[in-house]
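Scroll down for the structure; my scribbles are underneath it.
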Amino acid sequence: MIITTAILLLVLFVITLTVAAYSTYGERKVAAFLQDRIGPNRAGPFGILQPLADGAKMFMKEDFIPAAANKRLFILGPALAMTTALLTGVVIPWGGELTLFGETFKLQGTDPEIGVLYVFAIASIGVYGIMLGGWASNNKFALLGAVRAAAQMVSYELGLGLSIVALVMLTGTLSMGGIVDYQIQHGWNVIYQPLGFIIFLVCAFAETNRAPFDMPECETELVGGYHTEFSSMKLGFFLFAEYTNMFISSAVIATLYFGGYHVPGLDKLGLDPNIATLIGAASMFAKTFFFIFFFMWVRWSTPRFRFDQLMNLGWKGLIPLGIVNMLITGTVYYLSEFWKG
Amino acid sequence: MLALFYLFAAISVISALIVVSARNPINSVIALIVCFLSIAGHYILLNAQFLAMVHVIVYTGAIMVLFLFVIMLLNLNKATEPMKSLGMRVAAITGGGLLFITLAAAIRHGVSIQSANPFDAGIGLVRSVGHVLFTEFLLPFEVSSVLFLSAIVGVVMLAKKEKHQPNASVEPLTEAERARRTA
């Protein structure tokens, strides 16, 4: 049991890092496509080795720590950002049950009763990497980036939480596996929670610091924001953490609103359970990759918000909408129970 | 399990000591974050998963971020320790000593006390917490939410700019005027 879980977590770790690395390649290709360019095409066929070349470059660069920086926190910042980015993948159900050598196990690290809250808890700790790194740099641009990151993430957690409350009211469980099971029986949550899905998606953009909400590193105003002073692999960790967060957020969106590993009509084909599970896992990754593409698509086609616009949208737009969505969900739920008798 | 308990207990105590002894406020805040995380570990050992996660979200994720936020904005980078007067020190030592005596006495007599109910492993799960909250403790739960609502309204009142008088006089308000505006 422990061994299979350990192997699963190791595989998950490798997949997460690979996807994050190739997201950087994907982002440059998508950007090139949207801007009618070719994009990276020198390292290997179609530039496929570009992420490796980038990684090697990051490691080779001089690792510089500014004299006025708080050295311990300067190192802790990127480490924390990377660690928290990797922690969430454990509770996401990547597939159904797989039977190998007479042993059945689920393609999910663990399914705690409070899986959704765990995702939240890790997301709320995630801001410390950026905050501590930015503050420890002892640079005003980095400090502004760090303060923006803190304000933005605390504000958008509220909208995210309210959209999740409506979802949990609907599914009646906080476990990620349970939410997928509910969707397998009743259909995908995006059908019942379209407004909640939009709120969640917008908040996910803000939580991952992706454009149009990339205020913390807004290069036109803040040079590089919180990572202005970082170089070499410390910078690499911050950038890598952003792509890991994007991958995990996409997987969470796919799990919560798009049925996770559920493929409609697959159970009627009478396939071997193992093959059905693998197809399910593949569909989970396909959904996740679609949302990663969506993140990139938005980044390269939408201009950045101003910080006050971001705050207005969060506090005066998404939070009231989230409360309205919660009220609608509660009313409809009550009425449907009432009519059922 | 017992080893984990001692590990978390040691982390809690040591980080709590660092919180009060660190000279640099940012180190205090980080130690407090570690302390809160280790307390969440204690909750998980007691199978109170819901409490552990809410504790991390609310305290570690929100309140401590605001602490850090304030420290960053005020830029309390340097160790600042205002000197306390002699009277303050005497009062603090006396107060702390009395608290220590009370705690020591309580622990000395408390070890033999048996718990009223046997430990229920399911007590901290979401289902049981929610059930108790919405049946037995419904009234306190609702009253505390009204308390939060009044706090929110108060904050909005304080933060709201008065648009009618952009060049309002800076003279301190009279008591009657203040009462009229807050009403």
Side-chain angles (χ1 to χ4, degrees), chain A residues 68-70 72-73 76-77 80 84 87 91 110-128 130-132 134-138 140 142-155 157-158 160-161 164 168-169 172-175 178 207 226 315-316 319, chain B residues 22 24-34 36-37 40-41 43-44 47-79 121-131 134 148-149 152 155-156 159-160:
Chain A
N70 183 329
R72 267 183 293 175
L73 293 183
L76 185 67
L80 214 55
T84 47
L87 278 176
V91 294
T110 171
D111 192 11
E113 204 193 15
I114 36 79
V116 175
L117 292 178
Y118 173 83
V119 173
F120 249 91
I122 300 298
S124 66
I125 303 175
V127 67
Y128 284 117
I130 292 177
M131 280 188 87
L132 292 177
W135 183 81
S137 306
N138 206 359
K140 62 183 169 191
L143 178 69
L144 276 172
V147 168
R148 280 182 177 190
Q152 175 176 335
M153 288 177 100
V154 169
S155 306
E157 253 164 42
L158 297 173
L160 203 66
I164 288 281
V168 169
M169 280 160 74
T173 174
L174 284 167
S175 120
E207 289 283 312
Y226 62 93
W315 288 97
K316 297 179 186 165
I319 292 176
Chain B
N24 189 337
I26 209 130
N27 289 346
S28 286
V29 169
I30 292 168
L32 195 53
I33 294 167
V34 174
F36 281 153
L37 286 177
Y43 287 144
I44 288 178
N47 209 15
Q49 305 168 356
F50 180 70
L51 198 56
M53 286 304 130
V54 170
H55 178 80
V56 171
I57 293 170
V58 174
Y59 286 93
T60 318
I63 291 179
M64 294 319 291
V65 168
L66 293 180
F67 269 51
L68 213 53
F69 197 82
V70 170
I71 287 176
M72 284 178 177
L73 282 182
L74 298 180
N75 206 9
L76 298 173
N77 198 357
K78 292 172 204 75
I123 199 164
L125 301 181
V126 190
R127 202 164 288 278
S128 35
V129 171
H131 187 74
F134 284 104
F148 279 123
L149 188 65
I152 293 171
V155 168
V156 171
K160 201 174 174 191

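Quantities reported herein were computed from a predicted structural model and do not represent experimental measurements. Heavy atoms only: backbone and side chains are in, while hydrogens, waters and symmetry mates are out. Proteins come first, then strands; the chains are lettered A, B, ... in the order of their sequence lines, and each starts at number 1.
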Using non-hydrogen atoms only, which part of [X] is less than 4.5 Å away from chain B: side chain, backbone, both, or neither?
X: A:Ala123; value: neither
X: A:Val154; value: side chain
X: A:Leu117; value: both
X: A:Ile122; value: neither

Under the side-chain contact (heavy atoms from CB on, under 4.5 Å) rule, collect the residues that match up with A:Glu113, sequence neighbours excluded.
B:Gln49, B:Leu125, B:Val126

Under 3.5 Å, is there a donor-acceptor pair between the side chain of A:Tyr128 and the main chain of B:Ile30?
no

For B:Phe36, ring-ring contact (aromatic ring centres under 6.0 Å, His included) partners two or more places apart:
B:His55, B:Tyr59

Is any side-chain heavy atom of B:Val56 less than 4.5 Å from a side-chain heavy atom of A:Ile125?
yes

